[in-house]
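Remarks on the structure that follows.
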Amino acid sequence: MAGRSHVLVESQAVWGKPEAGSFLREAVSLAEAGDRVVLYLVDDGVFAAVSDGVPELARLVELGSEVWADELSLGHRALVATRLSPFVRVKAAEALDRVVRQADGRVAIH
């Protein structure tokens, strides 16, 4: 995939919060423009990983980007044994550190 590499970190629950939806739509827009995006779900953002109701996750993966859920955040919310969206991969914070260091585009947290 050509283009730049971006890392976007969603730390908030995405339901009922228009600003969270716009953050995810921004991730999709970057991917649609040909850039690579890693969307890292952390803290309450991991709730999106256990829902099929967040179409942006599927779209990102369809476009060749990745969606990761923080392993520790899933554990703290008792979501480890929960069925995750098929579009989400569980990653530790060390993986986020590596991808942030390699990014040549935007790095943002919401």
Side-chain angles (χ1 to χ4, degrees):
M1 174 177 269
R4 298 178 70 151
S5 176
H6 307 277
V7 180
L8 302 180
V9 179
E10 179 58 77
S11 66
Q12 299 179 27
V14 296
W15 297 282
K17 294 186 176 188
E19 64 277 3
S22 65
F23 191 73
L24 296 181
R25 286 189 298 277
E26 180 180 349
V28 170
S29 293
L30 290 167
E32 287 175 337
D35 290 351
R36 179 177 181 267
V37 175
V38 171
L39 175 66
Y40 192 76
L41 304 171
V42 66
D43 295 335
D44 286 344
V46 297
F47 287 109
V50 297
S51 169
D52 293 330
V54 185
E56 292 87 354
L57 304 185
R59 183 69 178 137
L60 281 169
V61 171
E62 177 183 292
L63 292 165
S65 290
E66 297 181 66
V67 179
W68 299 351
D70 177 61
E71 181 177 48
L72 189 60
S73 296
L74 288 168
H76 283 175
R77 285 153 185 81
L79 298 174
V80 173
T82 305
R83 184 190 66 81
L84 296 180
S85 165
F87 309 107
V88 177
R89 294 174 30 204
V90 177
K91 296 281 188 166
E94 293 80 15
L96 176 63
D97 179 58
R98 281 191 299 278
V99 77
V100 164
R101 291 173 188 270
Q102 297 169 353
D104 63 353
R106 198 163 168 227
V107 176
I109 187 168
H110 177 256

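FYI, the numbering just counts along the sequence from 1.
- Between A103 and S5 the shortest heavy-atom distance is CB-O, 3.5 Å.
- Nearest heavy-atom pair, L57 versus F87, reported as atom, atom and distance to 0.1 Å: O-CB, 4.0 Å.
- Hydrophobic clustering, with ILVMFWY side chains joined whenever heavy atoms are under 4.5 angstrom apart, groups V37 together with V90.
- One hydrophobic cluster, built from ILVMFWY side chains closer than 4.5 Å, holds both L8 and V28.
- Pairing each heavy atom of Q12 with each of E10, the nearest pair is N-OE2, 2.9 Å.
- Cluster annotation: V7 and I109 are assigned to the same hydrophobic cluster (Ile/Leu/Val/Met/Phe/Trp/Tyr, side-chain heavy-atom contacts under 4.5 Å, transitive).
- The distance from atom CZ of R36 to atom CG of D104, rounded to the nearest 0.5 Å, is 10.5 Å.
- Rounded to the nearest 0.5 Å, atoms CZ (R59) and CD (E62) are 4.5 Å apart.
- Of all heavy-atom pairs spanning V88 and A69, the tightest one is CG1-CB, 3.6 Å.
- A chain of hydrophobic side-chain contacts below 4.5 Å, direct or via other Ile, Leu, Val, Met, Phe, Trp or Tyr residues, connects V100 to V38.
- Listed by first and then second residue, the side-chain hydrogen bond (donor to acceptor under 3.5 Å, both in side chains) pairs involving residues 86-96 are E66-R89 (not counting sequence neighbours).
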Residue pair V99, W68: steps toward the side chain to side chain contact (heavy atoms under 4.5 Å, CB included) verdict: CA-CA 11 Å; V99 77; W68 299 351; 3.9 Å; yes
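- Ring planes of F23 and H110: parallel class, angle under 30° (limits at 30 and 60°).
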Using atom types as modelled, flag every donor-acceptor pair under 3.5 Å from a side chain in residues 73-81 to any protein atom, sequence neighbours excluded.
| unit_1 | atom_1 | unit_2 | atom_2 | d |
| --- | --- | --- | --- | --- |
| S73 | OG | D43 | N | 2.9 |
| S73 | OG | D70 | OD2 | 2.7 |
| R77 | NE | D43 | O | 3.3 |
| R77 | NE | D44 | OD1 | 3.0 |
| R77 | NH1 | S73 | O | 3.3 |
| R77 | NH2 | D44 | OD1 | 3.3 |

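- Using a 4.5 Å cut-off between side-chain heavy atoms of Ile, Leu, Val, Met, Phe, Trp and Tyr, with links allowed through other members, V61 and L84 fall into the same hydrophobic cluster.
- Atoms CG and CG, on L41 and L24 in that order, are 7.5 Å from each other to the nearest 0.5 Å.
- Scanning both residues, H6 and D35, for their nearest heavy atoms gives NE2-OD2, 2.7 Å.
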